[in-house]
Amino acid sequence: MKSAESPQSETMRVTEALRNEIIEGHRRPGSRLVERNLATELGVSRVPIREALKKLASEGLVTNRPNTWSTVREFSPSDIADLNEVRTVFDVLSFELAAQRHTREGLARLEATMLRGRELAEAGDVAGAHRCAAEFHAIVTELSGNELLGEIGALLDSRMRWQLSQHDDLAVVATEHAELFDAIARRDQALAGSLAGRHLGTSQEQHDKHSKRLAEAGPDEVQKAQEPQAEPAAADPAAEDVEPATEDSAGTD
């Protein structure tokens with residue numbers, strides 16, 4: 001049954017669903033994103049799927065390959081190093097400016113998000129805690145009052161959310177966010193910048209530990225850990241292999 005949504009809202013819904021599944025690990029790095037399979041799974045035509053994959057590729061989460069299927073991006077050590085170099089400048093400046101320029105209303109939203117993240121971490125809600133952590137950083141960027149920083153933050157958002165999803169020690173993240181909030185609330189720019197730099201170092205350590213844990217885990221353990229993450233099976237495996245040949249005719253959907 002076709003969706004009654006407008007094309008734009010349908011594309012946005014599909015994009016958000018796929019974005020969350022990639023960031024939260026339900027679709028593993030390197031796994032195929034075949035248009036016809038995704039369309040069947042999400043109950044839409046291939047048009048919003050195609051647009052969603054283009055959007056996610058622009059966000060750095062998907063690799064589009066000409067004349068074949070897309071795949072979930074596999075971040076290389078070089079990709080991570082590039083992101084960390086940019087964040088070293090971006091995060092510190094965002095937190096320093098937020099300490100200087102925040103409003104009472106904005107500070108209240110930041111505190112509520114920080115406290116919610118702590119509650120989710122204590123409850124063991126990994127996905128929820130990661131989403132709150134990403135929202136905390138997004139609010140800080142907003143509180144910086146710098147429109148250009150906001151535009152850069154929008155470009156980095158999905159990559160940063162992906163990196164935050166690699167954090168296994170939720171308590172450490174919650175504690176550091178509380179310290180960062182206190183520095184912003186006291187308008188202590190120097191401390192906020194210093195803590196932001198330390199927080200980025202923690203993020204890098206968390207990512208390295210997460211990658212090492214997965215590398216040392218046996219195949220069965222990794223599969224079990226990611227088990228609603230298994231890639232949906234194609235209804236006709238043989239048909240999947242001819243996806244590239246039919247791509248040009250997909251516009252009739």
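All values reported here derive from a predicted model rather than from experimental measurement.
Of all non-hydrogen atoms in I139 and G106, the two that sit nearest each other are CG2-O, 4.2 Å. Across all their heavy atoms, E74 and G30 have their closest contact at CG-N, 3.4 Å. Residues G117 and A129 approach most closely at O-CB, 4.3 Å, considering heavy atoms. Here the closest heavy-atom approach between residue H167 and residue S203 is recorded as NE2-OG, 3.1 Å. Nearest heavy atom pair, residue V92 against residue G197, reads CG2-N, 4.0 Å. A52 and T11 make their closest contact through N-CG2, 4.2 Å (heavy atoms, listed as atom of the first residue, atom of the second, distance).
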Scan the side chains in residues 146-153 for donor-acceptor partners under 3.5 Å anywhere in the protein, sequence neighbours excluded, and list what turns up.
{"residue": "N146", "atom": "OD1", "partner": "L148", "partner atom": "N", "Å": "3.0"}
{"residue": "N146", "atom": "OD1", "partner": "L149", "partner atom": "N", "Å": "2.9"}

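With values rounded to the nearest 0.5 angstrom, E35 atom CD is found 12.5 Å from W69 atom CH2.
A salt bridge is defined here as a Lys NZ or Arg NE, NH1 or NH2 lying under 4.0 Å from an Asp or Glu carboxylate O, and R159 with E59 fails to meet this definition. Salt-bridge check for R46 with E10: failed, with every basic side-chain N at 4.0 Å or more from each acidic carboxylate O. A salt bridge links E119 with R116: the closest approach of a Lys/Arg side-chain nitrogen to an acidic carboxylate oxygen falls below 4.0 angstrom.
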Fill in: Test salt bridge (charged side-chain N to carboxylate O under 4.0 Å, His left out) applied to K54 and E51, step by step
CA-CA 5 Å; K54 288 179 182 178; E51 293 304 312; 3.7 Å; yes
Worksheet item: salt bridge (charged side-chain N to carboxylate O under 4.0 Å, His left out) between E142 and R109: does it pass, once the steps are laid out?
Response: CA-CA 11 Å; E142 180 184 337; R109 284 194 294 119; 2.7 Å; yes
Item to complete: Verify side-chain hydrogen bond (donor to acceptor under 3.5 Å, both in side chains) between E176 and T202, making sure each step is shown before the conclusion.
Response: CA-CA 9 Å; E176 292 192 358; T202 298; 2.7 Å; yes
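Residues L164 and L83 do not share a hydrophobic cluster, clusters being chains of Ile/Leu/Val/Met/Phe/Trp/Tyr side chains in contact below 4.5 Å. At a threshold of 4.5 Å between side-chain heavy atoms, the hydrophobic network of Ile, Leu, Val, Met, Phe, Trp and Tyr places L93 and L156 in one connected group. I80 and I22 fall within the same hydrophobic cluster, where Ile, Leu, Val, Met, Phe, Trp and Tyr residues are linked whenever their side-chain heavy atoms come under 4.5 Å apart, directly or through other members. At a threshold of 4.5 Å between side-chain heavy atoms, the hydrophobic network of Ile, Leu, Val, Met, Phe, Trp and Tyr places I23 and L53 in one connected group. When hydrophobic clusters are built by joining Ile, Leu, Val, Met, Phe, Trp and Tyr residues whose side-chain heavy atoms come closer than 4.5 Å, directly or via intermediates, L180 is grouped together with L115.
In this structure a side-chain-to-backbone donor-acceptor pair under 3.5 Å is missing from R161 to A134. Between the side chain of Q206 and the backbone N or O of D169, at least one donor-acceptor pair lies under 3.5 Å. Checking side-chain atoms of T175 against main-chain N and O of A171 turns up a donor-acceptor pair under 3.5 Å. S165 places a side-chain N or O within 3.5 Å of a backbone atom of W162 that can act as its donor or acceptor partner. Remark: side-chain polar atoms of R101 are paired, donor with acceptor, to backbone N or O of S144 under 3.5 angstrom. In terms of modelled atom types and a separation under 3.5 Å, the side chain of T68 and the main chain of R65 share no donor-acceptor contact.
Side-chain contact check for V72 versus L61: every heavy-atom pair is 4.5 Å or farther apart. Contact annotation: the side chain of H130 approaches that of L170 to within less than 4.5 Å [non-hydrogen atoms, C-beta and beyond]. With a 4.5 Å cut-off on side-chain heavy atoms, M160 and R87 count as touching. Side-chain atoms of R19 and L56, non-hydrogen and from C-beta on, do get closer than 4.5 Å to each other. At a threshold of 4.5 Å between non-hydrogen side-chain atoms, the residues L33 and T71 do not count as touching. Put simply, the side chain of V62 reaches to within 4.5 Å of the side chain of N64, judged on heavy atoms.
Legend: residues meeting side chain to side chain contact (heavy atoms under 4.5 Å, CB included) with D82, ordered by chain and number and at least two apart, are S78, E85. Under the side chain to side chain contact (heavy atoms under 4.5 Å, CB included) criterion, A108 pairs with no residue at all, not counting sequence neighbours. Legend: residues meeting side chain to side chain donor-acceptor pair (under 3.5 Å) with D79, ordered by chain and number and at least two apart, are R73, S76. For E205, there are no side chain to side chain contact (heavy atoms under 4.5 Å, CB included) partners two or more places apart in sequence or in a different chain. Residues meeting the ring pair (Phe, Tyr, Trp, His ring centres under 6.0 Å) test with H137, sequence neighbours left out: F95, H177, H199.
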